[in-house]
Amino acid sequence: MVARALLGKVLVHGRRAGRIVETEAYVGTHDLACHAARGRTRRNALLWGPPGRAYVYFIYGMHWCFNAVTSKEGVASAVLVRGLEPLAGLPPGTRLDGPALLCRGLGITGAQNGLDLVHSSLRILDAPALRRGSVARGPRIGVDYAGEWAAAPLRFWVVGSSGVSRGSGRQPRSVR
DNA sequence: CTATTGATGGTC
DNA sequence: ACCATCAATAGG
């Protein structure tokens with residue numbers, strides 16, 4: 001699954017970069033938590049497009065969220081990047097532990113919607129896959145309305161990373 | 001046209 | 001636990 005595979009890779013925007021430590025998969029029109037479930041609109045049309053592009057959307061009147069489109073053309077699935085560890089080009093102490101925080105931190109907005117994640121200034125760099133033991137999975141965040149799909153274990157994160165969101169996410173973060 | 005609602009984060 | 005703040009929907 002692509003969401004799992006993206007952990008450990010590096011998201012770059014211009015000079016700024018972070019290591020992906022938390023992702024969620026949204027797996028098609030049948031996934032009630034996926035934006036594609038309510039049909040194709042101007043906002044979510046990119047989900048049906050070719051893979052490897054950015055899907056950036058605005059939510060709650062103030063936040064941007066970044067996704068990578070993962071499926072072949074005609075199939076609507078994507079991976080929401082929820083948390084990064086700062087790597088480069090960022091002020092000391094920048095926190096990227098949340099989908100909206102990381103967009104703010106890297107300067108990602110609707111202006112980047114649709115960009116090619118291989119060839120543009122917004123790109124994802126490959127990295128070796130992580131060891132099995134360092135990755136955990138669980139239910140996605142903020143999708144309680146999605147019935148059966150709310151409980152699906154489609155969220156992946158790097159255990160113990162400071163870049164994993166805490167909003168509603170759970171992990172032992174005070175292991176002394 | 002108006003009303004509702006989020007794949008959130010910061011503050012109270 | 002509540003609020004900020006708005007685009008995309010649903011409904012009239």
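Residue numbers start from 1 in every chain, and the chains themselves are labelled A, B, ... in the order their sequence lines are given, proteins ahead of strands. Only heavy atoms go into these numbers, but all of them, side chains included; no hydrogens, no water, no symmetry mates.
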Taking protein heavy atoms under 4.0 Å as touching, what does nucleotides 2-7 of chain C look like 5' to 3' if B marks base contact, S marks sugar-phosphate-only contact and - marks none? --BBB-
Just wondering, do [Y] and [X] contact through their side chains at under 4.5 Å, heavy atoms?
X       : Y        : answer
A/Arg82 : A/Ile141 : yes
A/Val10 : A/Ile124 : no
A/Val81 : A/Asn67  : no

Starting at atom CZ of A/Arg104, determine the distance to atom P of B/dG10, rounded to an integer number of angstrom.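 About 5 Å, once rounded to whole Å.
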Nearest whole Å is fine: how far is B/dT8 P from A/Leu101 CG?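 After rounding, the gap between these two atoms is 11 Å.
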So, using side-chain contact (heavy atoms from CB on, under 4.5 Å) as the criterion, who are the partners of A/Leu101 when residues are at least two apart?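 side-chain contact (heavy atoms from CB on, under 4.5 Å) list for A/Leu101, sorted by chain: A/Asp97, A/Arg104.
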Looking at [X], does any N or O in its side chain come under 4.0 Å of the phosphate oxygens OP1/OP2 on [N]?
X        : N     : value
A/Arg38  : B/dT5 : no
A/Tyr145 : B/dA7 : yes
A/Arg95  : B/dG9 : no

Any stems for DNA chain B, made of 3 or more Watson-Crick or G-U pairs in a row, each with both distances under 3.5 Å?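 Ordered by first number, the stems with DNA chain B (at least 3 consecutive pairs each) read B:1-6 with C:6-11, B:8-11 with C:1-4.
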Less than 6.0 angstrom separating the ring centers of A/His63 and A/Phe58, yes or no?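 No, ring centres 6.0 Å or more apart.
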Ion pair check, A/Glu24 and A/Arg140, cut-off under 4.0 Å: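 Result for this pair is no, no salt bridge flagged.
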Closest heavy-atom pair and its distance - A/Asp116, A/Ser120: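 Closest approach of A/Asp116 to A/Ser120, heavy atoms only: O-OG, 2.6 Å.
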Pick base, sugar-phosphate or nothing for A/Ala33, based on heavy-atom distances below 4.0 Å to the nucleic acid.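 Counting heavy atoms under 4.0 Å across all strands, the contact made by A/Ala33 includes a base.
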